[in-house]
Protein chains: 2
Amino acid sequence: MHVTIKDVAKLAGVSPSTVSRVIADNPKISDATKKNVYKAMDELNYHPNAIARSLANKSTKILGLILPSTEEDIFKNPFFIQVMTGVSHYAQKNGYYILYTYATSEDEELEHLKKLMFSRWVDGIILTTIRKDDKCIQYLKENQYPFVVVGKPESTDGILWVDNDNFHAMYTVVNQLIQKGHRKIGFIGGPHVLNVTMNRLDGYLRAIENSGIQVDEKLIMRKEFTEEGGYEAMKHILAYDHPSAIVTTDDLIAFGALKALREEEIDDISVIGFNNTPLAAYQHPTLSSVDINAEKLGSFAARLLIKHLEKKDDGINSYIIDTKLVERESSEKKK
Amino acid sequence: MHVTIKDVAKLAGVSPSTVSRVIADNPKISDATKKNVYKAMDELNYHPNAIARSLANKSTKILGLILPSTEEDIFKNPFFIQVMTGVSHYAQKNGYYILYTYATSEDEELEHLKKLMFSRWVDGIILTTIRKDDKCIQYLKENQYPFVVVGKPESTDGILWVDNDNFHAMYTVVNQLIQKGHRKIGFIGGPHVLNVTMNRLDGYLRAIENSGIQVDEKLIMRKEFTEEGGYEAMKHILAYDHPSAIVTTDDLIAFGALKALREEEIDDISVIGFNNTPLAAYQHPTLSSVDINAEKLGSFAARLLIKHLEKKDDGINSYIIDTKLVERESSEKKK
DNA sequence: GTGAAAGCGCTAACAG
DNA sequence: CTGTTAGCGCTTTCAC
């Protein structure tokens, strides 16, 4: 019923394999027959059947994307959307499609991952989050399935990954604050099971120590990645002391901290967020935040994976994406 | 190299066709052999090859999603993300994957649409936007390809679609304002080539006329769907008169209008947005806006398409999704 | 109920 | 350079 390679072959007076070669742009086909075949193709309005090609080729030119999602909101977290944007651009430009699934827990994620792998729909997989002793990574590795992960895994051997230098990013931020004269700087981070939190905390500690300031454990809080977490942590710190600046590991936390400060009518404490989410510019005061370039994380992840799939590995199996502090009102010089 | 249906057949001591029937859960297979085959399957850790199935079946259980995108920002417009969320949930729950492409113009969109169609990757397509004399719709129709569109097409015969009742939504909003005592109500809409704009304008006009108020053409403006557009339109209206309320057809427009009012230090004009985007709650004053339930638009679109693909059409080929005015400060009673 | 065999549309040796 | 042939892994008549 549909036009196939055979119809084209017949019309062009060649064999199906020749047509196949023309499709694959095989160099050892004479220009004359190529012309011929092309003519037949669009005379018949022929379009290769990608499914059949994939079955024969064992390659679909589709990438799988696994997104974590808290309950019903897959696309609420700006970070993942940005990563997805980067991935999509790079993939589409290079002739790949994206197939995604979302999962609400590590086990579900693994479940979907397996489905995606076994179905053969995708040539490789992009993981957008990374957990301690990540089961997905382990599984993919064991099965030698091509994948790339956004976030630096504990063990990096033979793994493709992209990440920011979280240690360095936080180190720089704290250092700048110290340069500006801040001495008492608080830290509010997310749960310490996450690598990011630990790396950022290390950066904070190093900067403090390097400048000869005494680390004050009571100015260091770790809470959930939520506005409430940030709010409570801030309150807690204020009950103990009055620092001149607070660094956080996430904008959401920073939003909560700002809220606590507003309530207490305190306006001489600088606050710095992380991830530079869209709402940062809409806080009161507008929130200074570290831009982690999530879109770039995505596009470089896609790039690594695609290069690998096409056997064009250039020896590079990871990228460190630059970060940048975006200064807004919340870190302006206080009176 | 990989476990196939033949290996399973051999181990279970049956023929490949029997295994195939077990996979498809064919009712005329004895329970005994079913058990047997299942056992063999997980002894070998067998997983059906979806590509091969698709080639034989002519169905992939993948849906194509076409997203419009202004330049580099596919996922910046909250509307499309919400639609995508709804689509994804419904699809994933029903065993479908989503493959998406984005395009920056109608022609590019058509281009990608064709690729998607001819490749056979997807069983059907979801269009998330609709233009006047939409080429994509026309093409899909001509080729009898299964699709659904978010937005009501000019001609609806034989087309699956979902939309809000834009006329009614705006009618209700304006009516409520009138009930509250407003008499001079301005309208700022997007370009009138778009169906939504026209429908919402009609709702506005009807409400005004029904209440016996004289329509004042000078209070009606149509601009681009941008903050600047809203800003200029508002300034323009203010130069002419001082209405007590302004309705708009998009939050972005409303943001601009609010900005103009802030500049003029006017705080006795109610403003209503449309689409209830996340930033609405972060305006000054916070913006009242009509929630159009974009996620529901998406899930019902997926639902229509999937039912159709599975030949479970229930005679329903469109859905009208409810809207709801979310009231915030910008429409509070003014002194 | 189950098996044999043909075929879905394309690719890839292997010849020539 | 091009044709022949045998699959890729699964489904599906058509027999038995």
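We name chains A, B, ... by the order of the sequence lines, and we start the count at 1 in each one.
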- Query: Please give, in whole Å, the distance from C/dG9 P to A/Asp7 CG?
  - Reply: 9 Å
- Within the distance-only criterion (no hydrogens, no angle test), does the side chain of A/Asp163 pair as donor or acceptor with the backbone N or O of A/Gly151 below 3.5 angstrom? no
- Message: So if I take residues 13-21 of chain A and measure heavy-atom distances to DNA chain C, which residues fall below 4.0 Å?
- Response: A/Ser17, A/Ser20, A/Arg21
- To the nearest angstrom, how far is B/Ile5 atom CD1 from D/dC8 atom C1'? 13 Å
- Item | Flag if over 12 foreign heavy atoms under 6.0 Å of NZ, A/Lys10 | no
- Given atom CD1 of B/Ile51 and atom P of D/dC10, what is their separation to the nearest angstrom? 11 Å
- Item | Residue pair B/Leu127 / B/Val150, side-chain heavy-atom distance below 4.5 Å | no
- Query: What is the ring orientation for A/Tyr100 with B/Tyr100, classed by angle as parallel under 30°, tilted 30 to 60°, or perpendicular over 60°?
  - Reply: tilted
- Message: What is the separation between atom CG on B/Leu55 and atom P on C/dG7, rounded to the nearest whole Å?
- Response: 14 Å
- Task: Could you tell me the separation between the CG atom of B/Asn49 and the P atom of C/dC8, rounded to a whole number of Å?
- Result: 18 Å
- Query: Could you give the CH2-to-C1' distance, from B/Trp121 to C/dG9, as a whole number of Å?
  - Reply: 13 Å
- Should A/Glu109 and A/Lys135 count as an ion pair when the cut-off is N to O under 4.0 Å? no
- Compare all side-chain heavy atoms of A/Lys141 with those of A/Ser155 and state whether any distance is below 4.5 angstrom. yes
- With salt bridge (charged side-chain N to carboxylate O under 4.0 Å, His left out) as the test, would you mind laying out the steps for B/Lys58 and B/Asp123 before giving the verdict? CA-CA 8 Å; B/Lys58 278 132 179 27; B/Asp123 289 347; over 6 Å; no
- Within-4.5 Å side-chain heavy-atom neighbours: A/Asn36 and A/Val14: no
- Can you tell me if NZ on A/Lys61 sees more than 12 non-hydrogen neighbours from other groups inside 6.0 Å? yes
- Message: Does atom NZ (A/Lys114) have a neighbourhood of more than 12 heavy atoms from anything else shown, all under 6.0 Å?
- Response: yes
- Query: Considering only heavy atoms, which members of residues 23-47 of chain A lie under 4.0 Å from some atom of DNA chain C?
  - Reply: A/Tyr46
- Note on the structure: Checking D/dC10, C/dC10, C/dA12 against the side chain of A/Asn57 (C-beta onward), the nearest is C/dA12
- Message: With a 4.5 Å cut-off on side-chain heavy atoms, are B/Met41 and B/Ile23 touching?
- Response: yes
- Task: Take the protein atom NZ of A/Lys10 and the nucleotide atom C1' of D/dT4, then report the distance between them rounded to whole Å.
- Result: 16 Å
- Note on the structure: Rounded to 10°, the helix from C/dG1-D/dC16 to C/dG16-D/dC1 deviates from straight, judged by its five-pair end axes, by 30°
- Spacing of B/Lys6 atom NZ relative to D/dG9 atom P, expressed in whole Å: 8 Å
